[in-house]
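Structure record follows, encoded as structure tokens.
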Protein chains: 2
Amino acid sequence: MNDSTPIKRTRRRADKTGCAVEATLSVIGGIWKPVILFHLLEGKLRFNALCRLVPAATPRMMTLQLRELEADGVINRIVYPEVPPKVEYELTASGVSLAPVLIAMRDWGERLQRNDESCQPD
Amino acid sequence: MNDSTPIKRTRRRADKTGCAVEATLSVIGGIWKPVILFHLLEGKLRFNALCRLVPAATPRMMTLQLRELEADGVINRIVYPEVPPKVEYELTASGVSLAPVLIAMRDWGERLQRNDESCQPD
DNA sequence: CGGTATCCATATCGATACTG
DNA sequence: CAGTATCGATATGGATACCG
């Protein structure tokens, strides 16, 4: 099943054409990115923990998304030099500042889910 | 029908795994969708007007995205039966309720742009 | 544990041309 | 004006296997 993102990395153009929205999309515009960030709002998470929280994203995708988020400065990758390996991901200050966006998305999604439920009981 | 049956619907499950965020993404999770919706916050817009506001999106993509947004009930497509053809798009109540998300995205994007600016003066 | 590399099917999207 | 059709290039993302 493919239910991944049609989204590719939006350009960083998001220029003065008036769309600051595009700028934001260039950072969180991958399907799993907002979800990942949302989970990280609650605190640091290890790679596998994230994979478990977003089962539809393969480890490969998780890595790719994580790398991009890191490159965009919204998350930190913390490597603990020990055996067995331990890596944690956490939001940077910039990432934390995305909270309003993520919370708004969650809120809206919750209402959507309620509607879907009443239409398609599962 | 290769391309006309496009854009895999991002999973509507957004289930109880805790990710209402995914549910939202299933609706606005197309690159141009948030941008389109954002512009529509200011009022109805005609097809070409939207194309002009989002130059990077080809008419083809614009149509595709618009159709999905319509199918997801966040915009209305109003056809005026006249010559020359006139079609307007407007947010539905559901679409309007996305405002907090869109505004949050714009706000965050504006700050990002300021940062980018200070790094890459144009 | 936390990845990475490769293969490969498919989806996505731009360009172009055409229509009612 | 507001699209649609078709072609083809490219990217996306799953599966699998393997490594430090």
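Letters A, B, ... are given to chains in the order of the sequence lines, protein chains preceding strands, and every chain is numbered from 1. Just so you know, these numbers use all the heavy atoms, side chains as well, and skip hydrogens, waters and symmetry mates.
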When rounded to the nearest 0.5 angstrom, what distance separates [atom1] in [X] from [atom2] in [Y]?
X	Y	atom1	atom2	result
B:Trp32	B:Leu64	CH2	CG	13.5 Å
B:Ile28	B:Gln65	CD1	CD	12.0 Å
B:Leu69	B:Ile36	CG	CD1	5.5 Å

DNA chain C: B:Ala57 or A:Glu88, which has the more 5' nearest nucleotide?
->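 First, find each residue's nearest nucleotide; the 5'-ward one identifies A:Glu88.
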For the pair made of [atom1] in [X] and [atom2] in [N], what is the distance, rounded to whole Å?
X	N	atom1	atom2	result
B:Leu66	D:dA2	CG	C1'	11 Å
A:Gln65	D:dT12	CD	P	10 Å
A:Leu50	C:dC1	CG	P	14 Å
A:Met62	D:dT12	CE	P	17 Å
A:Arg52	C:dG3	CZ	C1'	15 Å
B:Leu64	C:dT12	CG	P	9 Å
A:Met61	D:dG13	CE	P	4 Å
B:Glu70	D:dG3	CD	C1'	13 Å

Side chain to side chain contact (heavy atoms under 4.5 Å, CB included) with B:Thr63: which of B:Arg60, B:Arg67, B:Met61?
->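 Single pass found, and it is B:Arg67.
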Have a look at B:Glu90 and tell me which of B:Val96, B:Ile78, B:Ile75, B:Leu40 forms a side chain to side chain contact (heavy atoms under 4.5 Å, CB included) with it.
->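 Per the side chain to side chain contact (heavy atoms under 4.5 Å, CB included) rule, the option paired with B:Glu90 is B:Ile78, out of B:Val96, B:Ile78, B:Ile75, B:Leu40.
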Quantify the bending of the helix from C:dC1-D:dG20 to C:dG20-D:dC1 as the angle between its end axes, each fitted on five pairs, to 10°.
->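 Rounded value for the end-axis angle: 60°.
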Of all heavy-atom pairs between [X] and [Y], which one has the smallest distance, and what is that distance?
X	Y	value
B:Leu102	B:Phe38	CD1-N, 3.9 Å
B:Pro59	B:Cys51	CA-SG, 4.2 Å
A:Ala23	B:Leu112	O-CD2, 3.4 Å
A:Val54	A:Met62	CB-CE, 4.0 Å
B:Gly29	A:Ile31	O-CD1, 4.2 Å
B:Pro85	B:Arg46	O-NH2, 3.4 Å

Strand contacts (DNA chain C) in residues 42-49 of chain A, 4.0 angstrom heavy-atom criterion =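 Here the set is A:Arg46, A:Phe47, A:Asn48.
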Any donor-acceptor pair under 3.5 Å linking the side chain of A:Thr92 with the backbone of A:Gly73?
->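 Pair found, side chain donor or acceptor close to backbone of A:Gly73.
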Hey, does B:Tyr89 reach any base, or is it just sugar-phosphate, or nothing, if we go heavy atoms under 4.0 Å?
->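 Sugar-phosphate only.
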Does B:Thr63 make a side-chain N or O approach to OP1 or OP2 of D:dT4 shorter than 4.0 Å?
->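 B:Thr63 to D:dT4 OP1/OP2: side-chain N or O found under 4.0 Å.
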Dump the pairs, protein N or O against N or O of nucleotides 15-20 of chain C, anything under 3.5 Å, distances to one decimal.
none

Which nucleotide in D:dG3, D:dG14, C:dG3 has an atom nearest any side-chain atom of B:Arg67 |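 Per side-chain heavy atoms of B:Arg67, the pick is D:dG3.
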Residue A:Val87, side-chain heavy atoms: nucleotide from D:dC1, C:dG3, D:dG3 that is nearest |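 In terms of side-chain proximity for A:Val87, the closest of D:dC1, C:dG3, D:dG3 is C:dG3.
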